[in-house]
There are 2 protein chains.
Amino acid sequence: MARAGTRPTSRDVAQAAGVSQAAVSLVLGDKWRGRVSETTAERVREAARELGYRPNLAARNLRLGRTRTVLLVVPALTTEFFGGVYTGAARVAARHGFGVVLYPSPEGVGPARDPFASAQAALDGVIASSMAADALSAIRGDQLPLVMLDSDPRGSHGAVTVNLDIGDGARQVADHLLALGHRHFLHLAADVPSWTFEVRAQELAARLATVAGTTLRTAAAPISIEGALTATEAALTAPQGRRPTALVCDDDKLAAGAYKALRRLGLRVPDDISVTGVDDLGLATALDPELTTIRLDAETFGERGMAALLAVLEGRTPEEGDIPVELVVRGSTAPATP
Amino acid sequence: MARAGTRPTSRDVAQAAGVSQAAVSLVLGDKWRGRVSETTAERVREAARELGYRPNLAARNLRLGRTRTVLLVVPALTTEFFGGVYTGAARVAARHGFGVVLYPSPEGVGPARDPFASAQAALDGVIASSMAADALSAIRGDQLPLVMLDSDPRGSHGAVTVNLDIGDGARQVADHLLALGHRHFLHLAADVPSWTFEVRAQELAARLATVAGTTLRTAAAPISIEGALTATEAALTAPQGRRPTALVCDDDKLAAGAYKALRRLGLRVPDDISVTGVDDLGLATALDPELTTIRLDAETFGERGMAALLAVLEGRTPEEGDIPVELVVRGSTAPATP
DNA sequence: CAGGGGAAGTGTTACGTATAACGTCTTCTG
DNA sequence: CAGAAGACGTTATACGTAACACTTCCCCTG
């Protein structure tokens with residue numbers, strides 16, 4: 001019988017089953033083939049069930065020197081996007097017997113506390129979104145295997161990177177709007193220092209530049225409905241050249257804010273102005289009209305990130321190549337009216 | 001010098017500083033006042049910094065028998081709500097030197113895998129949302145300290161419960177709409193077996209019953225924009241008594257779907273029908289017109305949940321009382337037109 | 001000058017697990 | 001029938017940390 005009040009240990013199970021602790025470890029660790037008889041094994045399993053034995057993970061982790069746990073560092077969970085990333089990562093992890101611990105970098109002011117101290121868990125590796133920029137310095141210090149999501153492959157100092165093909169997304173948006181006859185653009189850009197958003201801006205500008213007579217203005221806004229509202233309103237009321245007929249937003253949430261600004265200004269979507277977003281959150285179809293946007297496959301993103309980390313941990317070479325993105329055309333874009 | 005290739009241990013630090021491992025533990029554990037001289041302590045800290053020493057958490061957890069880590073079990077992260085819960089919980093946890101590990105129960109088909117196996121981390125306690133119903137059976141087995149969020153206090157078998165005052169929310173909605181002259185209601189209910197939603201339905205019905213001549217119909221829908229759309233459309237096209245002038249939704253997301261259905265049916269919000277939600281997600285202000293809704297303070301929810309768990313862990317009595325909720329009146333509700 | 005007591009440490013142990021290395025006993029083979 | 005080869009275990013150990021129980025030195029007090 002186990003000592004009262006404390007969790008049963010493998011030694012308690014051993015005593016109950018009349019075997020040594022080592023035998024318990026072998027049986028429960030599924031390494032007993034040819035080492036323990038089937039009847040004894042069953043006796044051990046029965047005793048473990050009886051006592052409600054659960055292995056002490058701290059002890060196991062200490063013994064093995066690895067934890068089969070990885071940390072996923074993401075920005076604050078203000079949309080469901082990183083929920084999807086987590087889901088994908090956790091699914092792949094589970095298939096390999098790994099667990100995923102989430103560390104959303106604290107929202108608002110102040111630098112991130114040390115994510116490792118906060119997670120408290122011993123870790124085998126880290127997947128980090130570059131958007132959780134403030135948490136990255138703490139991560140750099142540790143020499144844990146690291147996979148970066150949405151990060152400049154050239155600037156990652158050898159860390160493995162997994163990216164959505166965000167540049168292609170920008171090109172698809174540009175081509176779609178150009179094909180509809182739009183020539184005057186406003187880019188509502190996320191006011192977040194991130195490689196991703198830089199790439200979007202560059203690719204958008206580059207693509208538009210291939211057509212003569214196009215204009216492109218940029219307005220920056222924090223990623224929030226309120227922020228997008230004020231930024232859009234300011235950009236469109238300031239009399240500055242031709243009024244744009246297309247509004248390219250870095251994010252669905254920004255687009256939602258833009259919708260409100262346009263409504264206030266008396267501009268109709270898409271008749272007076274076309275609007276596009278990025279992400280394809282639930283929000284995109286909640287808007288009226290529904291938003292034309294770049295669909296980012298969050299779960300695949302998470303899956304690929306986790307797969308890459310597992311590859312690193314097992315000494316394999318991670319899969320190469322960006323994750324494709326897809327333009328979803330809905331009601332917020334229409335031919336330009338001259 | 002530490003053995004090459006492996007992480008430095010406290011023993012390596014001790015050797016580098018010319019002291020015993022015990023002294024390192026004392027200094028770095030901040031328990032050295034009166035036991036180690038300031039100069040020696042500084043030497044130890046310097047050596048630790050030099051070697052890049054990080055304590056092995058698995059070893060520490062094993063030694064201490066506690067991990068200062070708790071698990072937060074939530075439904076799939078399909079809205080930002082539980083992101084807020086996490087933020088609140090993590091904030092309080094950090095103040096007490098605890099970490100929070102998130103376990104979103106897997107979306108879609110199939111029962112949850114064992115959350116403990118997946119988290120892989122040794123845990124001191126659990127906070128679980130009752131909405132992650134499928135994960136609860138696995139939790140029940142362990143005798144870890146448990147705090148339930150949004151759960152029937154009478155049905156929780158002695159587990160501590162922390163609840164939003166969701167019944168009061170339903171009453172506030174009812175009173176608001178009744179005051180606007182509405183008498184014919186449709187309740188768009190979340191098709192999720194959860195105590196919370198039962199309470200809402202009961203309180204709504206009870207409050208409406210206090211006024212003569214009111215009618216209340218109910219339509220159930222899965223919590224998604226699509227689901228709400230079809231359910232609402234079906235409920236309003238089936239010719240069944242008076243057409244409701246008020247649509248009470250269990251959730252902002254349901255309201256978003258309802259908006260779309262109403263638009264298809266040619267009904268204007270709020271002129272033809274008033275709509276309310278619950279949550280006050282970002283979505284609520286993205287809708288046109290903005291949604292009158294019950295604001296749930298997700299962060300306070302998380303804070304209170306974590307505070308309650310800490311109380312249990314420290315043998316104190318958790319704070320009592322439901323968390324107040326607040327009706328936020330926006331443009332989706334207006335006086336009933338006779 | 002005896003000895004009480006604080007400062008400044010060190011030696012040792014245990015936490016619970018997984019596994020390497022080592023014993024038996026039985027059975028099979030040449 | 002000798003001895004090799006399984007079958008079925010056990011014993012012992014290490015992982016890295018925190019903390020208890022000691023020791024030593026020195027200063028102060030009566």
Side-chain angles (χ1 to χ4, degrees), chain A residues 2-3 5-44 47-48 51-69 97 117 120-124, chain B residues 2-3 5-45 47-48 51-68 97 117 120-124:
Chain A
R3 303 162 309 280
T6 77
R7 273 175 59 155
T9 72
S10 62
R11 211 173 305 270
D12 296 324
V13 175
Q15 196 172 344
V19 297
S20 71
Q21 179 266 331
V24 174
S25 181
L26 288 173
V27 171
L28 270 38
D30 213 34
K31 305 226 150 103
W32 57 280
R33 291 149 298 228
R35 320 249 290 121
V36 177
S37 71
E38 173 56 50
T39 52
T40 305
E42 183 49 35
R43 196 147 37 89
V44 168
L51 296 177
Y53 170 71
R54 281 187 169 271
N56 181 317
L57 294 180
R60 173 178 293 172
N61 292 342
L62 174 60
R63 171 68 230 243
L64 294 178
R66 69 197 144 81
T67 61
R68 300 192 152 263
T69 301
Q120 300 277 0
L123 303 169
D124 283 355
Chain B
R3 305 162 306 280
T6 78
R7 272 174 60 154
T9 72
S10 60
R11 214 174 303 271
D12 295 324
V13 175
Q15 196 172 344
V19 296
S20 71
Q21 180 266 332
V24 173
S25 180
L26 288 174
V27 171
L28 268 39
D30 214 33
K31 305 226 148 105
W32 57 281
R33 289 151 298 226
R35 322 250 290 120
V36 177
S37 71
E38 172 56 50
T39 51
T40 305
E42 183 49 36
R43 198 146 37 89
V44 169
R45 283 191 288 259
L51 295 177
Y53 169 72
R54 279 188 170 271
N56 180 318
L57 294 179
R60 171 178 293 173
N61 292 341
L62 174 59
R63 171 67 233 240
L64 294 178
R66 68 197 144 82
T67 60
R68 300 194 151 261
Q120 301 276 0
L123 303 169
D124 284 354

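In what follows, chains carry the letters A, B, and so on, assigned in the order in which the sequence lines appear, proteins first and then strands, with residues in each chain numbered from 1. The structure displayed is predicted, hence computed values, not measured ones.
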From [atom1] of [X] over to [atom2] of [N], roughly how many Å is that when rounded to an integer?
X	N	atom1	atom2	value
B/W32	D/dC20	CH2	C1'	21 Å
A/L62	D/dT13	CG	P	18 Å
B/R43	C/dG9	CZ	C1'	11 Å
A/L57	C/dT17	CG	P	9 Å
A/R33	D/dG6	CZ	P	18 Å
A/D12	C/dT17	CG	P	9 Å
B/L26	D/dT17	CG	C1'	12 Å
B/R11	D/dT17	CZ	P	8 Å

Applying a 4.0 Å non-hydrogen cut-off, can you work out what [X] is touching in the nucleic acid: base, sugar-phosphate, or nothing?
X	result
B/V24	nothing
A/S20	base
B/L64	sugar-phosphate

Just to confirm, is there a sub-4.0 Å distance from OP1 or OP2 of [N] to any side-chain nitrogen or oxygen of [X]?
X	N	result
A/R35	D/dA7	no
B/T9	D/dG16	no
B/K31	D/dA18	no
A/S10	C/dT17	yes
B/S25	D/dA19	no

**OP:** Could you walk me through whether B/Q120 and A/T67 pass the side chain to side chain contact (heavy atoms under 4.5 Å, CB included) test, one step at a time?
**Re:** CA-CA 7 Å; B/Q120 301 276 0; A/T67 61; 6.0 Å; no
Original post:
With nearest nucleotides of DNA chain D determined for A/Q21 and A/G34 from heavy-atom distances, which residue corresponds to the more 5′ nucleotide?
Top reply: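 Result: A/G34.
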Original post:
How do B/R63 and B/E38 order along DNA chain C: which one's closest nucleotide is nearer the 5' end?
Top reply: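 Per heavy-atom nearest nucleotide, the more 5' residue is B/E38.
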Check every atom of [options] against the side chain of [X] and return the nucleotide holding the closest atom.
X	options	answer
A/A22	D/dT10, C/dG11, D/dT17	D/dT10
B/R60	D/dA18, C/dA8, C/dT17	D/dA18
B/T40	C/dT19, C/dG9, D/dT10	C/dG9

Subject >> Euclidean distance, B/N56 CG relative to B/T9 OG1, rounded to 0.5 Å >> reply: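 Reported to 0.5 Å precision, the distance equals 9.0 Å.
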Original post:
So how far is it from B/L28 CG to B/R54 CZ, rounded to the nearest 0.5 Å?
Top reply: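 The CZ atom of B/R54 is 11.5 Å from CG of B/L28, to the nearest 0.5 Å.
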Original post:
With no hydrogens and no angle check, is any side-chain donor or acceptor of B/R43 less than 3.5 Å from a backbone partner on B/A17?
Top reply: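 Side chain of B/R43 to backbone of B/A17: a pair is present.
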Original post:
Any idea which heavy atoms bring A/R35 and A/L26 closest together, and the distance?
Top reply: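 Heavy atoms only, the tightest pair is NH2-CD1, 3.9 Å.
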Original post:
B/L62 and A/L62: which non-hydrogen atoms are nearest, and at how many Å?
Top reply: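 Smallest heavy-atom distance, with atoms named: CD2-CD2, 3.3 Å.
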